[in-house]
Amino acid sequence: MMSTISNDKQFRDALNGLNAQQQRLVGALFVENVLGLSNDPRVAQSLVVAKGTDLAEDVVNLARRSIKAACLEAHTRCGADGEWTDQAGYFVARAAEACLEPEGRSQGKGAAWKAAMSARMARTCLAADSDEDAHDTESQAQYQILTSYLDA
Amino acid sequence: MDANELLAWARGSGFDIALTIFVAGMLLRLLEVLALGNKPDLSAPRGSGPKGGVQTLLSRNLPRKAVFDREPLRIINGYVLHIGFFIVLFLYGPHIVLFESFLGFGWPGLPSGVIDAVGAITILSLIAALVFRLNNKVIRFISTKDDYVAWAVTLLPLLTGYLTYNHLVASYTMMLALHLLSVELLLVVAPFTKLTHMFSFAMARWYQGYQAGRRGVES
Amino acid sequence: MSAPSVEKGIQAIKGQIDAPVASFFSACVHCGLCAEACLFYTETGDPKYTPINKVEPMRRIWEREYTLFGKAKAALGLSKEVDADTFAEWETLVYDGCTLCGRCSLVCPVGNDISGMIRKIREGFAAAGYAPEGLIGASTRAVEIGSPMGVKLPAVQAQIKHLQKNTGLDVPIDAKGAEYLVLLSSMEIMNFPEYLEAIARIMHQAGKSWTIASKAFEATNSGIQIGVSDIAKLLVSRVVDAADELGVKTVISPECGHAFTAIRWDGANLIGRPYGFEVKHILEVLDEFVKKGLIKTEGMEDAKLTYHDPCQIARKGGVVEQPRNLLNRIASNFVEMEDAGEMNWCCGGGGGVSANERADELKLTAFNRKKAQLEALGVDTLVTACANCRLTLEEGLEENNMDIPIVGLTEMLAEYLVEDDKEQA
Amino acid sequence: MDDLTLSERLRQRGVSRRGFMKFCAATASMMALPPIMIPKVAAALEQARRPSVIWLSFQECTGCTESLTRSHAPTIEGLIFDHISLDYHHTLQAAAGDAAEHARDEAMKKNWGEYLLVVDGSIPLGENGNFSTIAGISNLEMLKEVAEGAAAIISVGTCAAFGGLPMANPNPTGAVSVSDIIKDKPIVNVPGCPPIPTVITGVLAHFLTFGRLPELDHLNRPKVFFGQNIHDRCYRRPFYERGQFAETFDDEGARKGWCLFKLGCKGPTTYNACATAKWNEGTSFPIEAGHGCIGCSEPNFWDAGGFYRALSLPHTNVGETILTAGAAGIAIGAAAAVLNRKRKSDAVDNRETITIKDLSKES
């Protein structure tokens, strides 16, 4: 039984301990936690693939391309009037994209950690217009998700 | 007006009028440009403006690879055209005598035969330039009457000069008269066409080079 | 304040014509080489995108107003006027078809700064009411809200809180006497928040004091892109006032192209006096820190990658060596694309083009130039240093289904910083 | 008037048949006639009757006569000159005063329509011709009178042919050339200051041989002698080709016989036979003697710029022109500059500040 995770260092070390498949799965869980912030169906579809096991390469690639497109479309154009609620959707899509990222391209960070960060960023977007402290709640929620996953 | 009278006029008042219009015209254009002023750049400098000016004055004499690869022939032809023109103008004995008469000093020239050959090449190069201008959709699109006038008045002196030197078409006297008249036409037209670039190119390069030098930017 | 009019437009252009512009028009020999350097011509093949043709209206005004010969021709009705049709016809050339990338100015054999002239002619087009919708919106939001994308301070504060949670590092706001004032572009705040996090970690390791100004966190300057010096002056004054108020030594321009031009080169001229502080691009600062050993990196990215030179930073900003120095420290397989450095090709989205929806299709066509460069190289990752380039490149790659991730250089460098023990919150 | 033929007279003077044939060959070759023509020339010359020649000298310096009479060295050309019946020549004839004029009237009446009129010197029109008179008759009147009965007129020397020195700027006497006055007679211009003697006798020989004037160019000069410019036939042409020019009259180049273009040689624009026929029986010609050709056989050669100014130099002082033009340019330029500065400052000053409200057309 891992000790409960109470800070990011432990959170990060725990995540680094997971293999690629597990990273993808935990990342998907993180995304699900903030899925409500995005209204793009492609995000949910990509999670199915992320959580799926030993899937055909082209299925993964297809999902990866579709979530990448979703992510791009959710961007706020340069100079366009940014809506933070839409932007939250962008970060959710980005979190989902992180889950499906090919192994070789981690640039020093695990897929799950990147998904977690984007998910938290999605939550923060809501705080942009109001000042309620959404950020902390998300981190705690993520610690819980990881702990319950490790316990299972 | 027989050849001798024509030549006498061309060497006399014709030359005078043309030279006056040329010098006065170019100075007018220069002052009209300078009058519009150039606000000093207040941004923090990284390098020296004048150094940049000089560097750009030289750097633009050579094309950049990226553009040269796309239009090698046209660019090379540009060099043949200009270098040929300068050789014929500045390295031919009789022309040197003319410069010597008002500069006070002269310089050695090339054998007339060589000048003749270079003149021929320059004429062909100028004609090639026209062919390029007509066939390249970009240049045809941006070309104006002024370009074709400038081309013609630049070709005529070379053509008449070549014919005079080789004693072709008419008597030497008549050809020399026509040669001088064509030079005078060039001088008269120059300040009012793109031929002002014979001086303004230096100003343009200096202005851009100065800013680039001051900003420590490639130019 | 009166409604825009053709007359106001012409007046504005007349005011913009100075000795350099006059010398440029006196020097142009219509050789067409500027077109060979302009990706809008090379990718569309349409001669109307020839750079010198884009400033034809200004040439007409210069000739008719400022040369005796031109006035005579005008009196005889031998020269074309500039009227509403001219503005309408040239609007898409001056805005949609030009990113102010400056490549034409660099190849002009007689040395004409054509992109500089396009920046000037936009003053007339904006005054005449022919600026694109997107840019008008962006400028309005920039003036009224403080950022062309409507980002307000609370959003930045929320991001800072997020960052503090992740890294445990503090992001000081309005800290008087800090050595560096860090600016952000809206694109970074909204789409690429990792930039701020990277800055925080870098500054922390370098042990440098820095701050963000609550009244001037926005680096971008829509006034430069739309071509209205009055608006550009208003926007840049915010940064200058904040920097003076906080007494910072250096203002850091972020990973954004035109923002660097606005604050580094145009700012002093817009407000009419030299700054009391230095301005550096983030890459210049990083290069300094690395050279002085203030920050150390470990480990290398082994993916085959190349670097896209944002025009305003490399060609117009002179920041060419620094990114190479940085990349050589953290990437083992860094290859240069053809024409890299100051002659690199534009991404197609700069100078306000990406904010102008009407230009989207043209922008994607222009992207083919960059696509060709990348295809010839076959890299796994593309690094750049401008948020707008990054987004424009992403859209371009997506359109051509080329799967190359793009990352900002500052963000990438931060990932390879030596891991000092981060104290957790 | 004895009616001996030319050959009979020559035999009287002890000229052998062979000597005569050598002369005919020389004449034929000089007129660029093919060798087979030599016997024809000889036959014609033998039969040639003594044509009556009236020589009128107007505003002239007798240089032409000096050149023609070769008083310093009588030659076969001189003999032929004796052969013609020179019925009237101020300098050469013994008679003077009324007797001289009477001799002229006699000759005219006797050979009306047949005689050859040779003129040297230009004809003044100023003071209705009275700048130069002979026996009270103005040159103008005399020319018209004598020309009327002439078979043909030969203007000898640039003065008669083109007006020469007297007509040079400012032309105080209002001098003109023969062809400026006589329009209805065949005229041959034999320009030169003076012309080459063999060119004159060549023209005479042609007239005697063929009874008509030689083929002429656009200035009525015999093409055979004036068809090519000196430059084309100049023996120094290779130096010109190599760009080797003498800079001063005694510099190394001059001593090496380099091209004299820079010293004002007008060879290229001067059409004459000096470079081939040469002077003093083919001894030399001005360029060979180290002096540039001064273009003496061309119209207005006196006013064609200094003899020592190279052909490529304008007559005007280029330096001065540039300075004066420069001053004018600066003056006009300054005015235009003030105008430009004002127009620009107006445009800048009257420009309203643009705010975000002034950007879209609808607002």
Side-chain angles (χ1 to χ4, degrees), chain C residues 1-19 21-22 61-62 64-71 84 87-88 91 123-133 135-145 148 222-223 226-235, chain D residues 169 240-243 245 261-262 268-269 300 303-306 309-363:
Chain C
M1 297 319 153
S2 59
S5 72
V6 166
E7 184 40 40
K8 271 178 76 177
I10 294 177
Q11 280 298 332
I13 293 177
K14 263 176 77 175
Q16 285 291 322
I17 296 174
D18 56 8
V21 168
I61 292 171
W62 160 71
R64 292 169 72 93
E65 299 290 339
Y66 290 127
T67 66
L68 286 187
F69 184 57
K71 291 188 192 101
F87 279 108
E91 178 185 357
E123 296 279 345
F125 275 72
Y130 286 86
E133 269 319 304
L135 279 176
I136 294 177
S139 300
T140 308
R141 281 187 294 280
V143 169
E144 285 170 349
I145 304 167
S222 313
I226 197 171
V228 176
S229 297
D230 302 327
I231 295 174
K233 173 181 173 183
L234 188 146
L235 296 177
Chain D
N169 194 7
Y240 173 85
E241 295 301 336
R242 281 199 292 278
F245 300 104
F261 183 92
K262 290 193 175 176
T269 55
N300 307 314
D303 298 332
R309 279 184 76 80
L311 256 180
S312 56
L313 287 180
H315 304 326
T316 57
N317 178 326
V318 176
E320 262 165 40
T321 312
I322 292 179
L323 291 178
T324 42
I330 289 172
I332 310 164
V338 166
L339 192 67
N340 272 7
R341 191 171 285 279
K342 187 175 176 318
R343 289 175 88 105
K344 165 123 193 222
S345 53
D346 288 353
V348 172
D349 299 346
N350 314 344
R351 192 187 68 83
E352 290 156 43
T353 308
I354 296 173
T355 70
I356 45 175
K357 306 256 174 321
D358 319 321
L359 290 176
S360 36
K361 289 206 253 306
E362 303 78 25
S363 72

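Quantities reported herein were computed from a predicted structural model and do not represent experimental measurements. Here is how names work: the chains are called A, B, and so on, in the same order as the sequence lines, proteins then strands, and each is numbered from 1.
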Does [X] reach the side chain of [Y], with side-chain heavy atoms less than 4.5 Å apart?
| X | Y | answer |
| --- | --- | --- |
| D:Lys344 | C:Asp18 | yes |
| D:Leu339 | C:Lys71 | yes |
| C:Ile231 | D:Ile356 | yes |

Determine the option with the most heavy-atom pairs under 4.5 angstrom with chain D, choosing from [options].
| options | value |
| --- | --- |
| C:Glu144, C:Gln16, C:Glu65 | C:Glu65 |
| C:Val143, C:Ile226, C:Thr67, C:Thr140 | C:Thr140 |
| C:Ile13, C:Leu135, C:Leu234, C:Asp230 | C:Asp230 |

Exercise. Please flag which part of D:Arg351 lies under 4.5 Å from any non-hydrogen atom of chain C: side chain, backbone, both or neither.
Key: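 Only the side chain of D:Arg351 comes within 4.5 Å of chain C.
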Exercise. Work out which heavy atom in C:Gly15 is nearest to a heavy atom in D:Ala347; give both atom names and the distance.
Key: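 Taking C:Gly15 first and D:Ala347 second, the nearest heavy atoms are N-CB, 3.8 Å.
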Quiz item: Can you name the closest pair of heavy atoms from C:Pro4 and D:Ser360 and give their distance?
Solution: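 Result for this residue pair: CG-O, 3.7 Å.
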Practice problem: Could you give me the CA-CA distance, side-chain angles and deciding distance for D:Asp358 and C:Val228, then say whether side-chain contact (heavy atoms from CB on, under 4.5 Å) is met? | Solution: CA-CA 11 Å; D:Asp358 319 321; C:Val228 176; over 6 Å; no
Self-check item: Approximate separation, where rounding is to 0.5 Å, of D:Lys361 NZ and C:Ile136 CD1
Solution: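 Between atom NZ of D:Lys361 and atom CD1 of C:Ile136 there are 8.0 Å.
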Practice problem: State the CD1-NZ distance between D:Ile354 and C:Lys8, to the nearest 0.5 angstrom. | Solution: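 Between D:Ile354 CD1 and C:Lys8 NZ, I get 5.5 Å after rounding to 0.5 Å.
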Quiz prompt | Proximity breakdown for C:Ile10 and chain D, heavy-atom pairs closer than 4.5 Å | solution =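 Looking at C:Ile10, nothing touches chain D.
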